[in-house]
Amino acid sequence: MDASELRYLKLLSQSFPTAAKASAEIINLNAILNLPKATEVFASDVHGEYTAFIHLLRNGSGAIRLKLDDAFGDDLPEEEKSSLATLIYYPREKMEAVLPNVQNKEAWYAETILRLVVVCKRVAGKHSRSKVRKAMPPDYAYVLEELITESNHAVDKQAYYEAIIDAVVRTGCAADLVEGMCSLIKQLSIDHLHLVGDVYDRGPAPHLIMDTLMRFHSIDIQWGNHDVVWMGAALGQRGCIAHVVRNCARYGNLSVLEDAYGINILPLASFALDAYRDDPCVAFGLKGDPDLSPSDYEMNVKIQKAMAIIQFKVEAKIIDENPSFGLQDRKLLDKIDYEKGTVVVDGVEYELTDKVFPTIDPTDPFRLTAEEEEVMQRLVQAFIGSEKLQRHMRFFLDAGALYKIANGNLLFHAGVPLNDDGSLMEVDVYGGKYKGKALYDILDRYVRDAFNSPSPVARKRGADMLWWLWLAPGSPLFAKSKMATFELYLIEEKAARKEVKNPFYGFLEDEKVMAGIFEDFGLDPATSRIVCGHVPVKVKDGEDPVKCGGKVLTIDGGFSKAYQATTGIAGYTLISNSYGFVLASHEPLESVQAAVVDEVDIHSSRRVVEHLTERTLVADTDTGTMLKEQIADLEQLLKAYRQGLITEA
């Protein structure tokens, strides 16, 4: 045993100061290795749809209802199982709806607690007692542990358990205990959540999703392009801010800025309503069906056009400052013939759908007017000064990354840029050439520099890179030929609007090409899989999200209402448990009120992607690898104690 190893073991001995304590931990960790693998859930592209997404977290992506069927079978009528399931999902709301109509509340609480004990036992079965204990609400941990560890054969203690429940009810703690038990069931039903990008844009409540994710017990996030553009906006990057504000107006969600993040848009609204007061803004109708008054609708339309023009201007400056981005073809305001009302894109002349541009000087089209400059300065200050936005983006940074490898699964939002022949595509990043994993790694470094570097130059380069990640063809978060914002607004012809996907999407069924990606990331092609989102799966047209014989799973199923007409469903979740992989496709949720009062759950269709003949144990996972390393270290410490190399405390 060399000196450096002995120094490490002496440090380890501070946590395990005796041979007995080291031995006990070895026994404990070995036992954990033989537990079944806990449940992981994967989701992507939730796009601000708080109600539907959070319901799926509450119902364990359908797993909790299955646990009720396992626990009670036919002994409990279907309507009572539905009522119990709803209670678990929304305990406080359900009790408020039910209890006013219950004559004997004490009896209701007693019966409900007994039923929840049965469910708690079922979901706790694959976890260590220590883990279950840590998940319990602290105020009721003792009571819960006593009830959950009750043996069905302990006849002599029956009166003891009945006394616990009676005391809980008599002391007025029953509602809190019920809520705590429901929380425990939900936490143990989803051991870990992988969110594969795009919390933001389109939907009305990304901030509420972020609040929930920050409280979630175990989570990792792979940033999507709609996420990084908000990260850039929080840093004051003008191109990112222009997109974020424009997109909120486009979907009638300006309240996300005002009410959620305290960003004052009054100066912008005043400017837009004045500058475009006589402009019908014919190309800038809102997406979806936002519930707005006529005056609010008009304001959103005008703000959307105002920010679109500002966006085209500020993006031109970013492009000029960063020639390595290769985005010169995205500067289009100088390609407009303002007298004819046409624009030349890729050598083709198109008629504009909107020809009213009161804030553009044809001789200097990319110059911001004084009023536009003032609007942008105010927005930059507001985004940087939003405490809640900064908190949410810091959480994104800490919990997130551009990709993650977990239990043999390669998780990223969009794709790995490829050439037409399926080889890894080299991408220019500030003059350096990178591809595959190296590309992801260098981009991840720039993102972190944007937030953490002490150098103002490095922070600016990182912030500009966040904008590049949002829309560049070489970005692994975008992976399309162009972000056709200009064309989607101002050109009718579909050919001009087309965003061509990177060849990655054409090779999703090619085992050889996918094997090359796995090998580049240091994974075994025979046992690994890719999980990604970004491009909605057109289920209604027969598209299959399971590709390459199950080695690639594309799980953007349309949580966003704006995409449900395209997908035909309302989102996917992927569930990985000790038996294999199950892909759940979901139908829309009517409302929380319908879920609570009418006990309407999200209907989900479950498809087995992989079924294992032998259950996966913790020993077979990344956690198991880590625990085995800890066991090896503890065994060395135990050896050092027994040889007298380290003295026990």
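One is the number of the first residue; the rest follow in order along the sequence.
Expressed to the nearest 0.5 Å, how far OG1 of Thr623 lies from CG of Leu35 amounts to 11.5 Å. Expressed to the nearest 0.5 Å, how far CG of Leu523 lies from CZ of Arg529 amounts to 11.5 Å. Here the CD1 atom belonging to Ile517 is positioned 8.5 Å from the CG atom belonging to Asp520, to the nearest 0.5 angstrom. Here CZ of Arg58 is found 12.5 Å from CD1 of Ile88. Values are rounded to the nearest 0.5 Å. The distance from atom CG of Asp398 to atom CG of Asp220, rounded to the nearest 0.5 Å, is 13.5 Å. Note that the CD1 atom of Ile631 and the CE atom of Met626 stand 10.5 Å from one another [nearest 0.5 Å].
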Residues 62-70 side chain polar contacts: donor-acceptor under 3.5 Å, at least two apart:
| residue | atom | partner | partner atom | Å |
| --- | --- | --- | --- | --- |
| Arg65 | NH1 | Ser82 | OG | 3.1 |
| Arg65 | NH2 | Glu78 | OE1 | 2.6 |
| Asp69 | OD1 | Lys81 | NZ | 3.2 |

| said: The test is side chain to side chain donor-acceptor pair (under 3.5 Å); show your working for Asp191 and His217 and say whether it passes. | reply: CA-CA 8 Å; Asp191 187 66; His217 54 277; 5.7 Å; no

| Does the side chain to side chain contact (heavy atoms under 4.5 Å, CB included) test come out yes or no for Tyr200 and Met210, once each step is laid out? | CA-CA 9 Å; Tyr200 281 86; Met210 291 297 290; 3.3 Å; yes

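In terms of the side chain to side chain contact (heavy atoms under 4.5 Å, CB included) criterion, residue partners of Ser4 (sequence neighbours excluded) are, by chain and number, Asp2, Arg7. Residues forming a salt bridge (charged side-chain N to carboxylate O under 4.0 Å, His left out) with Arg448 (at least two apart in sequence, or on another chain): Asp444.
Other residues, nucleotides and ligands contribute at most 12 non-hydrogen atoms within 6.0 Å of the CD atom of Glu614. In this structure, Asp524 places its CG atom where more than 12 heavy-atom neighbours from other residues, nucleotides or ligands lie under 6.0 Å away. For CZ of Arg394, the number of neighbouring non-hydrogen atoms (other residues, nucleotides, ligands) closer than 6.0 Å is greater than 12.
Between Asp198 and His534, the side chains place no donor N or O within less than 3.5 Å of an acceptor N or O (distance only, hydrogens not considered). Side chains of Lys37 and Ser576: a donor-acceptor N/O pair is present below 3.5 angstrom, by distance only. No side-chain donor-acceptor contact under 3.5 Å links Gln222 and His194. There is no side-chain donor-acceptor pair under 3.5 Å between Glu610 and Tyr579. For Asp441 and Tyr403, the side-chain atoms include at least one donor-acceptor pair closer than 3.5 Å.
Classification of the Phe581-Phe42 ring pair by plane angle, with boundaries at 30° and 60°, yields tilted. Using the six-membered ring where Trp is involved, Tyr440 and Phe521 have ring planes that are perpendicular, over 60° apart on the 30 and 60° scheme.
Using a 4.5 Å heavy-atom cutoff, the side chains of Met181 and Val117 are in contact.
The distance between the ring centers of His55 and Tyr89 falls below 6.0 angstrom. When ring centroids are compared, His47 and His226 come within the 6.0 Å threshold.
The pair Lys628-Asp633 does not count as a salt bridge, with every side-chain nitrogen at least 4.0 angstrom from each carboxylate oxygen. Salt bridge annotation for Asp211-Lys388: present, with a cationic side-chain nitrogen under 4.0 angstrom from a carboxylate oxygen. Using a 4.0 Å cut-off between a side-chain N of Lys or Arg and a carboxylate O of Asp or Glu, Lys21 and Glu25 do not qualify as a salt bridge. Residues Arg170 and Glu106 are not paired through a salt bridge, judged by the lack of any N-O separation under 4.0 Å between the basic side chain and the carboxylate. In this structure, Glu145 pairs ionically with Arg133, as a charged nitrogen and a carboxylate oxygen lie closer than 4.0 Å.
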